[in-house]
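One structure is given below, encoded as structure tokens.
All values reported here derive from a predicted model rather than from experimental measurement. Lettering follows sequence order; numbering is per chain, from 1.
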Amino acid sequence: MTNLCFQRELRLVTPDHYKRVFDNPVKASSPNITILAKPNDLEHMRLGLIVPKKVLKHAVDRNRIKRLTRNFFRLNQHRLPCLDYVFIAKGKIGDMTNNEVVNLLEKLCTVISRRSKKSV
RNA sequence: UGAGUCGGUCAGACAAUCGCCGCCCUUUUUGGGGGGAGGAAAGUCCGGGCUCCGCAGAGCAGAGUGCCAGGUAACGCCUGGGGGGUGUGAACCUACGAAAAGUGCAACAGAAAGUAUACCGCCUUUAUGGUAAGGGUGAAAUGGCGAGGUAAGAGCUCACCGCGCAUCUAGUAAUAGUAUGCGGCAGUGUAAACUCCACUCGGAGCAAGAUCAAAUAGGUUUCCGUUAAUGUUGCUCGCAUUGGAAACGGGUAGAUCGCUAGAGUCUGUAAGUGAUUGCAGAAGUAGAUGAAUGAUUGUCACCGCAAGGUACAGAACCCGGCUUAUGACUGACUCACACA
RNA sequence: GGAUAGAUGACCGAGAGGCCGAAGGUACUCCCCUGCUAAGGGAGCAUGCGACCACAAGUUGCAUCGAGGGUUCGAAUCCCUCUCUAUCCG
């Protein structure tokens, strides 16, 4: 039985964490989503979310994207390499359905894990 | 059936699995229980509570409100009533005090814009005459109509209508009246222009503020001093701090508190036309902080040919309103047409 | 979360009840100047709907100063509501 908990240690909390990831990361991008990643010293992955107000005007839509993304990383945390991830929403992500977003995340994460192995 | 007016209710439902954020119990790593967005959580347009500014003060300035009465913690809100307006109607709208305290503005046109030396005209008989009936301009031109009167005219006089004032009656009042009397009628509009009158308002806001406290030192307390600067509101006064000396303790990052039971909701009953209030009873704790309240599956409801989707929309100290966004169901009423 | 400011032609920006479709500048178009270019000078230059008109050009009416209401004889300007943009507060 795997533990699918997703608590505070698995999140990027302070601005310093974000700055560290922005400095020379591994990238995977699509028109609506960009994911940055960088290896960390911990035994688990961590996730940070950036959903700008300019991309999604309403708080309801922003919450929807954040919850979807968090849920995806929670369910897949043991399959993914131990990196610090930063998720950036952009473009017309608000027009996508939940299934489309999940499939796109799946695709981008495989790209990330492949590239990070190469760089290591 | 169609069109419309005014309200009311709900905010897809149930189950399973995996999670997130508080709380309680047991236990120290788990297990169990129970709770978890809104009617607008929104805009921040008003009013309060709460916190600090010396518990908050004096004067001026400034801002707001503006028919009357009531409700309320308070309000610019609500209820009832009056006046005015819109609509065939149900209904709805209404910053609705004062223009005779004073000042300003009224383009163009027009003779003239609040002031009458009156442009054309009319009358008389020539003068610095009388006249406001007719004309044209404009958003607006000094009551309307008829009769008398006159040189021609004119509220100059009279009747009716309108207007203003006083009294009376009804009403707590705003106000109203087939009421009575007086005034012959002067003064156009604008106060969402200044202003006057009446009433209200100290300032900032939970990023308020309080406690514990790495770094670092620019500090704190007492006494002296009162020019200047800063703060307390825009200003003045008043007050505090900065300055000098002596003595020792201060508090940025971060953490914790503030943080949720409240002028609350529902039901019954009494008072009241009603807003609302009194009494009795019942149910019920969202409290995060780079920010929880979700995802998947199944059945049913609705939309869609189907894939699929479920109106508007996400708490950030808390309440009372207003405004805006918006789906479905439902009640009462109005108008039109058709049928009986 | 709270506090504040603003929105005017393609762009910047003045105007703060009537003379205002709206100064001025930049950009753009045409003309002059020059052998050519730059600079300089002159003229033009918002959009929509309609009328005159065979068409074009030209003339002209109405509407529009973020949107919708209100006050006023008259609103870019005053008042209210909404939309959007920007700034400040740890």
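Applying the side-chain hydrogen bond (donor to acceptor under 3.5 Å, both in side chains) rule to R70(A) yields no partners; only residues at least two apart in sequence or on another chain are considered.
A residue-by-residue look at V60(A) and L49(A) shows that L49(A) has its nearest nucleotide of RNA chain B further toward the 5' end. Each of R70(A) and H58(A) was assigned the nucleotide of RNA chain B with the nearest heavy atom; the assignment lying further toward the 5' end belongs to R70(A).
For A106(B) and U72(C), the C1' atoms lie 11 Å apart once the distance is rounded to whole Å. Straight-line distance between the C1' atoms of G294(B) and U267(B): roughly 36 Å, to the nearest whole Å. Across C78(B) and G66(B), the matching P atoms stand 12 Å from one another, rounded to whole Å. One C1' atom belongs to G327(B), the other to C302(B), and the distance between them is 11 Å to the nearest Å. Between G87(B) and U269(B), the distance separating the two P atoms is 46 Å to the nearest Å. Only the C1' atoms considered, G272(B) is 16 Å distant from C279(B), to the nearest whole Å. A gap of 12 Å separates the C1' atoms of G97(B) and C199(B), to the nearest Å. Spacing of C1' atoms, C123(B) relative to G149(B), comes out at 16 Å, to the nearest Å.
With its glycosidic angle more than 90° from 0, A229(B) is assigned anti. In this structure, C67(B) is classed as anti because its glycosidic torsion departs from zero by more than 90°. Classification of G39(B) as syn follows from a glycosidic angle within 90° of 0. With a glycosidic angle no further than 90° from 0, U260(B) counts as syn. Syn is the glycosidic conformation of G22(B), whose angle stays within 90° of 0.
When all heavy atoms are compared, the tightest approach of V51(A) to K66(A) is CG2-CG, 3.8 Å. In this structure, A28(A) and L108(A) approach most closely via the heavy-atom pair CB-O, 3.8 Å. When all heavy atoms are compared, the tightest approach of L47(A) to T69(A) is CD2-O, 4.5 Å.
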Please enumerate all protein N or O atoms sitting under 3.5 Å from an N or O of nucleotides 295-299 of chain B, with distances to 0.1 Å.
| residue | atom | partner | partner atom | Å |
| --- | --- | --- | --- | --- |
| A295(B) | O2' | N71(A) | ND2 | 3.3 |

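Across all strands shown, G209(B) forms a Watson-Crick or G-U wobble pair, both distances under 3.5 Å, with C257(B). Across all strands shown, the partner of C322(B) is G43(B), judged by Watson-Crick or G-U wobble contacts whose two distances both fall under 3.5 Å. U220(B) and A247(B) make up a base pair, with Watson-Crick or G-U wobble contacts both under 3.5 Å. Across all strands shown, C60(B) forms a Watson-Crick or G-U wobble pair, both distances under 3.5 Å, with G234(B). Taking a pair to require two hydrogen-bonding distances under 3.5 Å in either a Watson-Crick or a G-U wobble arrangement, U79(B) pairs with A69(B). As the counterpart of C145(B), no nucleotide is assigned, since no Watson-Crick or G-U wobble pattern has both distances under 3.5 Å. Base pairing of U47(C) is made with A63(C), judged by Watson-Crick or G-U wobble geometry with both donor-acceptor distances under 3.5 Å. In this structure, G202(B) and C53(B) make a Watson-Crick or G-U wobble pair, each of the two defining distances being under 3.5 angstrom.
Under the 4.5 Å side-chain criterion, counting only non-hydrogen atoms from C-beta, I33(A) is not in contact with I88(A). Residues I35(A) and S29(A) fail the side-chain proximity criterion, which asks for heavy atoms closer than 4.5 Å. In this structure, the side chains of L36(A) and Y85(A) stay at 4.5 Å or more apart for every pair of heavy atoms.
Here the C1' atom of nucleotide A42(B) and the CZ atom of R62(A) are 13 Å apart, to the nearest Å. At whole-Å resolution of the value, CD in E100(A) and C1' in A307(B) are 11 Å apart. Following rounding to the nearest Å, N63(A) (CG) and A41(B) (C1') show an atom-to-atom distance of 12 Å. Atom CG of N103(A) and atom P of G308(B) are 12 Å apart (whole Å).
Between R46(A) and D84(A) there is a salt bridge, since at least one side-chain N of the basic residue sits less than 4.0 Å from a carboxylate O of the acidic one.
Here the CZ-CD1 distance, from R67(A) to I65(A), works out to 11.5 Å after rounding to the nearest 0.5 Å.
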